[in-house]
Protein chains: 2
Amino acid sequence: MSSKNENIKRVRRDRTKDILNAATKLFSEKGFRGTSLASIAEAVGLTEPGLLHYFPSKVRLLQGVLAFRDQQDTDKYSELTDSDKNSLQTIFNSLKNLVNKNEDNPALIRLFTILVSESIRTDHPSHEYFIDRYQMIRGTFTNYLSSLDDLDISADIDTLSSILIAVMDGLQIQWLLDPESVNMLEAFNLFSKIMIGYLEN
Amino acid sequence: MSSKNENIKRVRRDRTKDILNAATKLFSEKGFRGTSLASIAEAVGLTEPGLLHYFPSKVRLLQGVLAFRDQQDTDKYSELTDSDKNSLQTIFNSLKNLVNKNEDNPALIRLFTILVSESIRTDHPSHEYFIDRYQMIRGTFTNYLSSLDDLDISADIDTLSSILIAVMDGLQIQWLLDPESVNMLEAFNLFSKIMIGYLEN
DNA sequence: GTCTATAGTTCGATAGAC
DNA sequence: GTCTATCGAACTATAGAC
């Protein structure tokens with residue numbers, strides 16, 4: 001029995017990864033609502049029911065995509081944690097690197113930018129996901145800034161975190177919409193300079 | 001003939017304003033793609049064909065909504081222009097007022113936030129509209145900042161404008177998603193303080 | 001100016017064969 | 001694991017009566 005199963009072509013490969021990649025691409029271009037299951041199925045050479053064999057519903061597929069990409073994305077912030085020398089300069093250098101990487105990866109930025117806005121609606125399937133995600137990122141930033149003991153700021157560090165994230169998100173919108181007119185990295189560099197100037201006092 | 005037309009109930013009123021208001025509300029809650037003509041028609045007590053009598057297609061209705069709200073919205077920036085004394089303080093005070101007003105008007109903010117993200121797609125009916133709009137706003141900000149002759153900054157003022165808009169947009173996203181966790185006005189006040197400190201040098 | 005009726009499409013999802 | 005076939009719902013838009 002067991003020997004029979006070897007080298008049999010009938011064993012078709014697991015298409016989960018292919019599906020997640022195709023869905024990521026399409027969701028990032030057209031959003032969740034704007035993407036049909038048929039278009040995803042076509043992209044991986046499956047029919048709709050064939051696709052639904054892997055993910056029983058469209059919402060489940062979205063959750064799969066978010067979980068899949070979340071790792072890649074949060075890895076980017078982990079660079080901050082790794083740094084032993086927690087200085088203001090290193091933190092902002094890491095953020096600059098992040099922005100720089102983002103400029104080379106429009107698809108992923110698009111995915112989160114479009115999905116975040118879609119999920120402002122309380123009945124959107126990823127509404128809670130993004131609330132949690134933003135709280136997590138704000139918390140991460142707050143931790144980094146709090147760890148700087150050579151810092152003398154009376155300002156609310158939590159509010160600073162919101163501003164930091166806001167600048168990155170806002171620049172991404174302008175850049176995605178009109179890349180010719182907006183230099184995201186240059187803008188973030190100037191913003192960093194201003195923030196460092198303020199925080200070092 | 002002409003006397004006959006007076007006081008005749010058959011003359012039904014123009015529902016254009018009602019339709020624009022209802023469409024604004026629904027677009028701001030569910031986006032363009034997420035809103036059906038039927039739901040707009042129902043909101044104003046019309047059938048779908050009745051609605052399409054006023055706006056021949058859904059895209060035309062969207063354009064109508066944008067043109068309609070554009071005036072209200074750009075009026076907000078005009079407060080900046082009106083000011084005779086162009087000081088850094090007055091400019092940021094006006095922006096603070098704007099953020100403050102926005103906090104009382106989630107519907108309008110929602111409309112533009114959701115529509116902007118939808119229109120990142122190059123084939124979205126309001127794609128060009130938002131490209132132009134952002135260029136216009138950046139230009140407006142750049143003009144204000146340039147007019148300050150008591151300013152000594154080497155920084156690119158155009159880039160500063162992008163940052164200013166990015167902060168407002170980014171804070172709006174976090175606030176719309178999770179109003180409990182984000183104090184938009186407080187964050188913008190802190191940002192203003194930082195910017196003024198930098199610009200006054 | 002507003003209606004009924006409906007064309008024509010696209011969508012998510014299910015049933016059941018192989 | 002993937003298919004054919006199909007259902008039911010939602011959608012934009014048009015034709016034509018009143």
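Labels below follow one simple rule: chain letters A, B, ... track the order of the sequence lines, proteins then strands, and each chain is numbered from 1. No experiment lies behind these values; they were computed from the predicted model shown.
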Rounded to the nearest Å, what distance is computed from the [atom1] atom of residue [X] to the [atom2] atom of nucleotide [N]?
X        : N       : atom1 : atom2 : value
Leu46(A) : dC3(D)  : CG    : C1'   : 10 Å
Arg15(A) : dC3(D)  : CZ    : P     : 9 Å
Glu42(B) : dC3(C)  : CD    : P     : 13 Å
Phe55(B) : dG1(C)  : CZ    : C1'   : 15 Å
Asp18(B) : dG1(C)  : CG    : C1'   : 14 Å
Leu62(B) : dA13(D) : CG    : P     : 12 Å

Mind checking side chain to side chain donor-acceptor pair (under 3.5 Å) for [X] and listing every partner two or more places apart, or none if nothing turns up?
X         : result
Ser192(A) : none
Asp104(B) : none
Asn21(A)  : Arg69(A)
Ser39(B)  : Ser36(B)

Original post:
Just to confirm, is there a sub-4.0 Å distance from OP1 or OP2 of dG1(C) to any side-chain nitrogen or oxygen of His53(B)?
Top reply: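 For His53(B), the contact criterion (side-chain N or O under 4.0 Å from OP1 or OP2 of dG1(C)) is met.
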Original post:
Can a side chain N or O of Thr47(B) be found less than 4.0 Å away from OP1 or OP2 on dC3(C)?
Top reply: yes
Original post:
Taking atom types as modelled, is there a side-chain donor on Tyr134(B) or Asp169(B) under 3.5 Å from an acceptor on the other?
Top reply: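 Distance-only check passes for Tyr134(B) and Asp169(B).
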Original post:
With Asp132(B), which residues qualify under salt bridge (charged side-chain N to carboxylate O under 4.0 Å, His left out), at least two apart?
Top reply: none
Original post:
How would nucleotides 5-18 of chain C be written as a contact map, 5' to 3', with B for base contact, S for sugar-phosphate-only contact and - for no contact, using protein heavy atoms under 4.0 Å?
Top reply: B-----SBBBB---
